[in-house]
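What follows is one structure encoded as structure tokens, with my remarks underneath.
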Protein chains: 2
Amino acid sequence: MTDTAPQRRARPRTKRPPTILDVAAHAGVSRGTVSRVLQGGHNVSPASQEAVHAAIRKLGYVVNRAARSLVTQRAGSVAFLLSEPQERFFEDPNFTTLLRGCTTALAEHDLPLILITAGTEAERRRIAPFLSAHHVDGVLLVSSHRGNPMIDHLRQANLPFVCCGKPLGERDAVSYVAANDREGARAMVRYLLESGRKRVATIAGPRDTPGGLERLDGYREMLTEHGIAFDKRLVAVGDYSRASGEACMQQLLTKAPDVDAVFVASDLMADGALAAIERAGLRVPDDIAVGGFDDSPVATAARPPLTTIRQPWNRISEMMVRQLLAQIDGEGPATVILPTELVVRESA
Amino acid sequence: MTDTAPQRRARPRTKRPPTILDVAAHAGVSRGTVSRVLQGGHNVSPASQEAVHAAIRKLGYVVNRAARSLVTQRAGSVAFLLSEPQERFFEDPNFTTLLRGCTTALAEHDLPLILITAGTEAERRRIAPFLSAHHVDGVLLVSSHRGNPMIDHLRQANLPFVCCGKPLGERDAVSYVAANDREGARAMVRYLLESGRKRVATIAGPRDTPGGLERLDGYREMLTEHGIAFDKRLVAVGDYSRASGEACMQQLLTKAPDVDAVFVASDLMADGALAAIERAGLRVPDDIAVGGFDDSPVATAARPPLTTIRQPWNRISEMMVRQLLAQIDGEGPATVILPTELVVRESA
DNA sequence: ATCACTACTGTGAACGTGCACAGTCCAGCA
DNA sequence: TGCTGGACTGTGCACGTTCACAGTAGTGAT
């Protein structure tokens with residue numbers, strides 16, 4: 001999106017769709033009145049309103065968004081900006097769930113969602129002018145890693161945005177919506193301990209992501225509350241991918257063979273952990289209990305199905321959209337933390 | 001998207017971005033010359049071109065897409081229209097792979113991708129005016145089921161579109177891009193037979209999808225070519241979901257306990273089949289060989305990893321975009337069939 | 001009767017761009 | 001010298017909408 005590139009040649013102007021002027025003529029009123037009806041019908045007589053609506057129906061009139069944008073200085077659309085390496089996004093069912101939620105939430109406000117990926121620095125440079133030029137009214141930003149340059153860019157472009165998950169390393173106020181990672185982790189570890197497990201390990205997420213930090217914190221907190229000393233041999237750090245979950249589990253089994261439970265910071269990694277445990281000839285949950293995080297489709301597909309922490313994706317996407325619209329309407333940034341829920345299945 | 005709904009209130013007009021007029025003034029030329037440079041620079045002196053480019057860089061000028069759309073009668077964007085039940089889409093990694101490919105392919109042409117879901121009849125009615133009004137220049141249509149009303153609607157709206165996979169039950173010419181399902185199925189069944197398997201079953205896709213039909217045809221063909229009579233007890237029909245794969249496999253094991261191989265029409269179903277086989281106390285591939293289809297991320301994550309048929313998603317998305325752009329430029333519909341590839345892993 | 005106020009309606013002026021057209025300049029040629 | 005054609009440039013108009021403003025009619029209070 002260099003945004004100085006030319007557009008393809010104009011399409012021939014055959015059978016043009018009806019304009020607001022056609023509607024006005026049909027309804028026997030003026031442009032202005034039709035426009036007012038379109039805006040909600042304030043200060044328009046019921047008779048005129050009905051006439052306009054009838055004309056709209058009869059002609060199949062649809063407002064021209066380009067013309068409207070031109071005068072309102074609004075794009076009338078919102079970007080879903082994915083500032084993560086693409087592979088990770090498209091492998092992770094959480095993201096697609098989020099994308100789905102945002103699409104439907106925006107649809108209710110008649111706002112098209114523009115999907116933009118910017119995993120690499122080159123891509124970010126490419127889309128920068130697109131965003132600066134306000135070709136969208138706001139951005140739903142998915143980017144969990146610390147210090148994403150996109151945030152500065154958006155702020156500088158004065159473009160409203162809402163992050164999914166708390167952005168790390170930001171000094172100024174930033175709007176974000178997140179699940180309560182720490183509380184979720186605490187709930188899972190509490191459950192494992194109260195099920196009688198003694199040596200509870202964890203596979204954490206990357207240290208530069210909020211999920212990686214907060215879920216690990218929750219794990220440590222709950223151990224402490226149960227009077228258990230923290231043992232760093234029981235901690236492995238993955239990158240949320242299935243492969244890393246498998247590698248971490250293998251590592252844990254080597255360093256701490258007596259482990260009898262593991263809290264994994266994502267379902268995808270937990271599924272990988274299951275594979276490692278199986279290969280080691282151990283059984284789940286008999287020998288080792290496995291607790292995941294997310295309650296993504298992976299959790300139900302895993303064998304055995306994963307006991308996990310549900311992230312309320314529907315509400316997350318809903319709130320992200322709501323916050324974004326509020327910001328577009330001039331409100332300041334806000335923070336929303338949503339509760340999680342323990343889902344018990346067979347793995348723990 | 002009723003598309004008669006009002007837009008939110010206009011944003012205050014502070015600090016307006018530079019227009020083509022500002023660029024012209026800075027470069028010491030007229031609007032027209034700047035416009036010509038933007039369109040490729042034909043009939044513009046090198047000196048003027050350089051001056052314009054310098055002004056653009058200096059001012060950070062970005063073309064106003066709304067204004068351009070208004071005059072060119074072009075939206076400057078393309079829709080990715082998902083006319084499937086949403087759950088299926090977002091569970092199936094194939095679709096997300098396709099979405100990713102289309103996003104990047106379109107990005108190279110500076111075309112934003114607008115994601116639209118229309119799984120239900122109500123949603124279809126909602127987006128119809130949006131499409132009829134040409135708020136996008138074309139549509140990448142994902143809809144495998146027979147007789148999708150969206151196709152008629154798009155044709156009637158005179159909106160270019162390209163389907164992913166051959167749309168069934170269409171009498172007139174429709175642009176589509178698909179992998180060679182039949183050939184892929186043949187390759188897999190040939191591989192199974194040549195590996196020494198004698199009783200090769202299949203789990204097919206729904207009969208109202210091209211993949212369901214053609215892959216089953218390929219299966220039958222290859223059996224015939226090997227002088228094996230078709231046995232309907234060896235055929236089960238699923239719906240591409242993991243759960244249905246599991247159920248179908250269970251059913252096959254009951255009806256034909258001597259089965260020693262199964263060709264499954266999707267990786268997701270194959271993963272389900274693995275679960276059923278495991279529960280039956282059988283081993284893969286020792287007792288039963290399992291062949292999948294797609295080579296989606298599921299294939300490598302499965303235990304054991306799936307031998308499967310790779311669909312060339314990158315090329316599919318690339319060709320879909322290319323065909324769509326060609327149609328937008330006035331060319332007629334075209335059909336592209338791409339070859340598949342056998343990927344041997346551990347399940348067969 | 002006059003005034004003020006409200007409810008409603010029409011009109012002109014943008015918004016920023018691309019395109020068609022007209023115009024200028026200069027080189028090449030008869 | 002005058003003519004022709006090509007290269008380059010500037011200008012008016014149109015695209016379809018919203019917004020601010022002005023204007024009209026009707027109502028109730030004085």
Side-chain angles (χ1 to χ4, degrees), chain A residues 3-25 27-52 56 59 61-76 133-135, chain B residues 3-25 27-52 56 59 61-76 133-135:
Chain A
D3 263 289
T4 50
Q7 200 168 24
R8 317 180 81 83
R9 73 164 181 275
R11 88 180 144 95
R13 311 197 167 175
T14 62
K15 283 287 257 175
R16 281 227 235 94
T19 75
I20 201 173
L21 225 51
D22 299 319
V23 174
V29 297
S30 73
R31 267 182 311 131
T33 301
V34 177
S35 178
R36 272 185 289 266
V37 171
L38 256 34
Q39 307 302 317
H42 303 299
N43 287 352
V44 178
S45 73
S48 296
Q49 292 209 35
E50 189 35 55
V52 168
I56 286 175
L59 299 176
Y61 169 78
V62 177
V63 72
N64 182 320
R65 294 176 95 102
R68 172 182 277 179
S69 286
L70 190 57
V71 54
T72 59
Q73 307 285 79
R74 290 261 189 150
H134 282 251
H135 286 330
Chain B
D3 262 291
T4 50
Q7 201 166 27
R8 317 179 82 84
R9 74 164 182 275
R11 90 180 142 93
R13 312 197 167 176
T14 62
K15 283 289 256 176
R16 282 229 234 92
T19 75
I20 202 173
L21 223 52
D22 299 319
V23 174
V29 297
S30 73
R31 272 184 309 128
T33 300
V34 177
S35 178
R36 271 184 289 267
V37 171
L38 255 34
Q39 306 303 317
H42 302 298
N43 287 351
V44 178
S45 73
S48 296
Q49 291 209 36
E50 189 35 55
V52 168
I56 286 176
L59 299 176
Y61 168 77
V62 177
V63 73
N64 183 321
R65 295 177 94 102
R68 172 182 277 179
S69 285
L70 190 57
V71 56
T72 59
Q73 308 283 81
R74 291 259 188 152
H134 282 250
H135 285 330

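Throughout, protein chains are lettered first and strands after them, A, B, ... in sequence-line order, and every chain is numbered starting at 1. Quick caveat: nothing in here was measured; it's all calculated off a predicted structure.
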Problem set entry | Whole-Å distance separating the CG atom of A:Asn64 from the P atom of D:dC15 | 11 Å

Exercise. How many Å lie between CZ on B:Arg65 and P on C:dT17, as a whole number?
Worked result: 13 Å

Problem set entry | Any A:Thr72 side-chain N or O less than 4.0 Å from OP1/OP2 of D:dC19 | no

For this session: Can you tell me the distance, in whole Å, between the CZ atom of A:Arg74 and the P atom of C:dG16?
Result: 16 Å

For this session: Ignoring backbone atoms, establish whether B:Thr19 has a side-chain N or O less than 4.0 Å from OP1 or OP2 of C:dC15.
Result: no

Exercise. Taking only side-chain nitrogens and oxygens of B:Arg68, does any of them come within less than 4.0 Å of OP1 or OP2 of D:dC15?
Worked result: no

Problem set entry | Nearest to side-chain heavy atoms of B:Ser45, which nucleotide of C:dC15, D:dC8, D:dG10 | D:dC8

Exercise. Got A:Ile20 and A:Ser35 here, is their nearest side-chain heavy-atom distance under 4.5 Å?
Worked result: yes

Exercise. Taking the side chain from B:Gln49 and the backbone from B:Gly41, do they hold a donor-acceptor pair closer than 3.5 Å?
Worked result: yes

Problem set entry | Rounded interatomic separation in angstrom, taking CD from B:Gln73 and P from D:dA14 | 14 Å

Problem set entry | Gap between atoms CG and C1', on B:Leu70 and D:dT18 respectively (whole Å) | 13 Å

Exercise. Does B:Val37 reach the side chain of B:Ser48, with side-chain heavy atoms less than 4.5 Å apart?
Worked result: no

Problem set entry | Interatomic distance where CG belongs to A:Asn43 and P belongs to D:dA22 [whole Å] | 17 Å

For this session: Report yes if a side-chain nitrogen or oxygen of B:Ser48 is closer than 4.0 Å to either non-bridging phosphate oxygen (OP1 or OP2) of D:dT9; otherwise report no.
Result: yes

Seminar exercise, completed: Between CG of B:Leu21 and P of C:dA14 the distance, given in whole Å, is 14 Å

Problem set entry | Candidates D:dC15, D:dT11, D:dC8 - which lies nearest the side chain of B:Ser30 | D:dT11

For this session: Between A:Ala66 and A:Arg36, just flag the one whose closest nucleotide in DNA chain D comes earlier from the 5' side.
Result: A:Ala66

Problem set entry | Check: A:Leu38 and A:Tyr61 side chains under 4.5 Å, non-hydrogen atoms | yes

Exercise. Reckon B:Gln39 has a side-chain N or O less than 4.0 Å from the OP1 or OP2 of C:dG18?
Worked result: yes

For this session: Could you work out which one of C:dT17, D:dG10, D:dT17 sits closest to the side chain of B:Ile20?
Result: C:dT17

Exercise. So, A:Arg36 side chain and A:Val44 main chain: donor-acceptor pair closer than 3.5 Å or not?
Worked result: no

Seminar exercise, completed: Here the distance between atom C1' of D:dT9 and atom CZ of B:Arg31, to the nearest Å, is 12 Å

